[in-house]
Every structure is written in structure tokens, then in C-alpha cells.
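Written below as C-alpha cells is the structure these notes are about.
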Number of protein chains: 2
Amino acid sequence: MTDLPKAATARTSVDDAIVLIVDDDPSMRRALTNLFQSVGLRVEAFGSAAEIMEAKPPAVPSCLVLDIRLPGSSGFDLQSDLAKANIHTPIIFITGHGDIPMTVRAMKSGAIDFLTKPVRDQDMLDAVQAAIERDRRRRNIEESVAGVRSRFEGLSARQRDILILVASGLMNKQVAAELGLAEITVKIYRGQIMRKMGAKSLADLVRMVEALGISRPGGKVQT
Amino acid sequence: MTDLPKAATARTSVDDAIVLIVDDDPSMRRALTNLFQSVGLRVEAFGSAAEIMEAKPPAVPSCLVLDIRLPGSSGFDLQSDLAKANIHTPIIFITGHGDIPMTVRAMKSGAIDFLTKPVRDQDMLDAVQAAIERDRRRRNIEESVAGVRSRFEGLSARQRDILILVASGLMNKQVAAELGLAEITVKIYRGQIMRKMGAKSLADLVRMVEALGISRPGGKVQT
DNA sequence: CTACCGGACAAACCTATGTATAGGTCGCGC
DNA sequence: GCGCGACCTATACATAGGTTTGTCCGGTAG
């Protein structure tokens, strides 16, 4: 939280959104770039799927504007490649000759919009705004969870065992019995866990474990 | 000893899925009905949006197969009417003369599939199976949360105040200070709350409050 | 008026949790 | 071998959590 923003050129406020364009038609790239820049969005344009896969994934909220017909691989291939690489930038497809099954497929695999040429400027801007908003939200959650996860990974195996049992609602003595330990041992571990995880209360701990999605035993909310 | 509100679940036949068809073309209704029945699905067919809105929402996992062009209102109207009525049955649209914007609109508002006539039987069955699976999952979550919610609503105002503060991680004395009470009072309420909510541990309580989505103070997971 | 309920509190008592101090064993890397 | 970290335990003490029994008050439904 203490890192000063190393803004090189402009006052890149903390989360200046960026639009990534992939289209093999240079005039299309230019037109889109102009459109987005006219409303103050940063833009990066690519001519092929390969090019963008080499670039590093953006660190700010962003979205992808993608012609579905690309040289080499189709937009779909890029979409699934990104998914495999665990990159979840929202995608807006554009197409000249799309059909309904194609649209359904794109939307089902998570595209945020699917526009047909000629694309109306306003439609495109609306779609981009929605996409960026979604990405911003996703990044926020991801970020919180990432902190918790890295702390969890800093725990020893034993500490994790105990964390999970404690967060599932067992008393120290029950945890001890479960693991064949003395109660005092569990207490000591518990203290270590609270410190390492940065939890101020048991409630915090429970929420962290929930956020990590770990609840093997019988720890779900009941009816 | 136990004042646990007993969930009045009328144990219906376990979870016989049902497919709801809305199409103004009788021959289409018949064809779809036969198709679904041939794989052992229960079916109910309607000739118009109005008809199905009068029927009571199904109590088992289900899905809606909906021609987008209906007499009177369009499939979209029905979709949004259902959404307004808080009915979230997954919808599969079928259309003879659809276009891409229509498809996008349907998918964006939550349709699970969008099929074009002539519909291949296997596509339809796949779509229905996916839709019913989704509905089953949704119902499961909904059901758990509904139980918790109804118990929460059985709490007095004071009990709710205290529940929220306790679940946010405050100690009894802090809760007492916050509300201008004696610590002993908080303890007593706390016991009542545990009983009424059917929570065996603080961890349970925290999870319930999370499931209800109540966390006003500073109770979110931190980075 | 009275009975009942929810809210608030107290003393007494017990259990659970948390911390400090003070150990002990093991395995691993240098 | 030595140090280090993980793992495990014990005693002792302090604080937090939780129940029981009983008291008091105010509103309100009968």
C-alpha cells in the first residue's frame, strides 16, 4: 500500500482503464483507437492473436475488443487460450458475418457482448464501459482473496489443519482430539495462525477460510 | 429445550424435473412434449405467456422452452415479467427468424441457450439438461439461505443488532459498549441468538450472516 | 386489572480461549 | 556437530464466553 505510483508520462491515476483491440484490418484498428481515445480511454492495438498473447496481461481494469475472424486462429481460439492462461479480461466480439450459433457460443463462454458490423459508436462505447466495470469488480475481489491466499500459503501444514478445523467451528479440545494433540498445543497454534493470517478475531478467520473456499468437513450452512 | 423453527418442507417427490413449454404452435408443442417425455422428463405445455403466468411456479427443478415470438407479448416480455416476479427458471429460447442483437439480448438477460429452427433434438436435450442442472443448483442454495433468512427474521430487533456485531468479530464487551448495554446482557442475547438461529458455534453464525449478506461495519476480508 | 412478553441487568458459577515461560524431539542444511 | 524451524507438551495465570436463577420495567392483549 506504500508504493508510490511511478507515473512516467501522464497522471496515470491508479486505475486508468485500457482497451485492447485485436483486428487484422488496420483501418478498423485505427477507427476503434480513435473512438476510444476520444472518450479518454487508453488503447493498445494488435493485428493478430499471437501478438496479444505475447504481451503481458494488463495490470489495470481492461477489456478486449476482438474481431471473431482473425488470421490464423479465430477469436474463439484466443478466448479459450486466454481462459486456459487464467486471464479473465472481458471480451467484446465484433463480426461482419456472424450467425446465431456463433453468438450463443461466444456468450456462453463468457463474452460480455457481440456486435455486428457496422458497429454503432455508442453501442461499442456502452459495451466497453460495461466490460471495464465488470473487470474492475473482478479485480477487486481477486485482490482481496490473493492477500489471504498468500498468507495461507505461508502457514505450515499443521497450522493449516488446525485453521480449517477451528474455522469449521470445533472447540480447541475437539480439534485436539481430531488430530491427536493436547489442547494446549492447539491453543498455541491458534495464536500463531491468528498472527500469521492477520486476523483480529475468529470471525475474521472464518471469513478468510470461506473466501478461500475450504470447508471439507460438515461446515456448510444448514437449512 | 429446542425452539428451533422446524422448516415446513413439504417433502415432494424427490426432484422430478419438469420442462415448461410455451409455444403458440400446437404441433410444435406436441413435438417438444414427445421429445422430452421420450427421455423421461415431465412436461407442461402452454399456448401463451399469459397462460404460464397464471400457473403457479414449479416447486421442482425446471426450465422453460420459449418461442421468442408469442401471441401478444414476446418471449422477452415474458422473460422480464418472470424476472420481476422473482422467478428464475432458466430459459431456452427457440426462434425461426432470430438475429444476432436479439440473441445477445436474450443471453445477456440470462437465457441459458438460444436455438434456431429447425432445432436438432440433441441440441434441445443438451440445453434442457444444462438448464435443469443449473436450476437444481440454484434451488439448493436458495433453500439453504431461505432457512437461515426465516430464522433471522424470527429474531427481535435487539437480537439482530447483537448478531451482526458479534458476527463481525467484536467481543461481548465491545458489543455492549457499542449498544450501551451491560456485557452480561450481550451474553444472554448471544445465547438466545445461537438457539434461535440453530448455530452450534460462532463460526456457524458468521457463515450464516455472510450468506445473508449483512456486514455493514468493517467486516469485509482485508488484503 | 392481570398475565404475558421482550428488554435489561446482576451474582454466581463453570468452561473455553489466550498467553507467557519453559521445556522436549525431530530432520535438514551447512 | 550446530543452528534452525516445525512440531509437541506442561504449568500457571488471565480474560472471554456462556448458563442459571432471579429481579425489575414497560407495553399490550385479553
Side-chain angles (χ1 to χ4, degrees), chain A residues 149-210 214 217-219 222, chain B residues 1-6 149-210 214 217-219 222:
Chain A
R149 190 178 307 281
S150 78
R151 289 196 294 261
F152 178 75
E153 276 157 10
L155 298 180
S156 74
R158 222 16 165 191
Q159 287 167 344
R160 288 180 207 184
D161 294 344
I162 290 174
L163 167 56
I164 290 167
L165 293 177
V166 163
S168 83
L170 298 186
M171 288 186 311
N172 287 340
K173 62 169 66 166
Q174 296 175 303
V175 175
E178 193 87 25
L179 297 177
L181 299 176
E183 191 183 344
I184 180 66
T185 310
V186 175
K187 287 185 184 178
I188 307 255
Y189 272 102
R190 202 166 161 158
Q192 298 167 358
I193 293 166
M194 295 291 280
R195 237 174 301 117
K196 282 208 195 175
M197 295 297 292
K200 303 179 311 310
S201 64
L202 175 59
D204 274 9
L205 222 50
V206 172
R207 272 188 286 267
M208 288 179 187
V209 170
E210 284 288 287
I214 324 173
Q222 294 299 323
Chain B
M1 191 198 234
T2 45
D3 53 350
L4 293 182
K6 51 202 67 171
R149 188 178 309 280
S150 78
R151 289 196 295 260
F152 179 74
E153 277 157 10
L155 297 179
S156 73
R158 228 2 170 199
Q159 287 167 345
R160 288 180 207 183
D161 294 345
I162 291 174
L163 168 56
I164 291 167
L165 293 177
V166 164
S168 84
L170 298 188
M171 288 185 311
N172 288 340
K173 63 170 62 167
Q174 295 174 301
V175 174
E178 194 86 25
L179 298 177
L181 299 176
E183 189 184 347
I184 180 68
T185 310
V186 175
K187 288 185 182 180
I188 294 180
Y189 273 103
R190 201 166 161 158
Q192 298 166 357
I193 292 166
M194 296 291 279
R195 238 174 299 119
K196 282 206 195 177
M197 295 298 291
K200 301 179 313 307
S201 63
L202 175 58
D204 274 9
L205 222 49
V206 172
R207 273 187 286 268
M208 289 178 186
V209 170
E210 284 289 286
I214 322 172
Q222 294 298 325

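Chain naming here is simple, since letters A, B, ... match the order of the sequence lines and numbering starts at 1 in each.
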Distance, rounded to the nearest Å, where [X] contributes [atom1] and [N] contributes [atom2]:
| X | N | atom1 | atom2 | value |
| --- | --- | --- | --- | --- |
| A:L179 | D:dT9 | CG | C1' | 15 Å |
| B:R195 | D:dT20 | CZ | C1' | 11 Å |
| A:Q192 | D:dC7 | CD | P | 9 Å |
| A:L163 | D:dC7 | CG | P | 14 Å |
| B:I193 | D:dG18 | CD1 | P | 11 Å |

For this session: Could you check whether A:S156 gets within reach of a base, just the sugar-phosphate, or nothing at all, counting any heavy atom under 4.0 Å?
Result: sugar-phosphate
For this session: Could you check if a side-chain atom of B:V166 sits within less than 4.5 angstrom of a side-chain atom of B:I193, using non-hydrogen atoms only?
Result: no
For this session: For side chain to side chain contact (heavy atoms under 4.5 Å, CB included), just list the numbers for B:V186 and B:E178, CA-CA rounded to whole Å, side-chain angles, deciding distance to a tenth of an Å, and then say yes or no.
Result: CA-CA 11 Å; B:V186 175; B:E178 194 86 25; over 6 Å; no
For this session: Name the residue closer to the 5' end of DNA chain D, choosing between A:L181 and A:K196 according to the nucleotide with the nearest heavy atom.
Result: A:K196
Problem set entry | Worked verdict on B:M197 versus B:D204 for side chain to side chain contact (heavy atoms under 4.5 Å, CB included) | CA-CA 9 Å; B:M197 295 298 291; B:D204 274 9; over 6 Å; no
Exercise. How does protein contact run along nucleotides 10-18 of chain C, one letter per nucleotide 5' to 3', with B for base contact, S for sugar-phosphate only, - for none, heavy atoms under 4.0 Å?
Worked result: BB----SBB
For this session: Show your reasoning for whether side chain to side chain contact (heavy atoms under 4.5 Å, CB included) applies to B:Y189 and B:V175.
Result: CA-CA 11 Å; B:Y189 273 103; B:V175 174; over 6 Å; no
Exercise. Between CZ of B:R190 and CD1 of B:I184, what distance do you get to the nearest 0.5 Å?
Worked result: 12.5 Å
For this session: Please assess B:I162 against B:L181 for the test side chain to side chain contact (heavy atoms under 4.5 Å, CB included), listing each intermediate value before the final yes or no.
Result: CA-CA 11 Å; B:I162 291 174; B:L181 299 176; 4.2 Å; yes
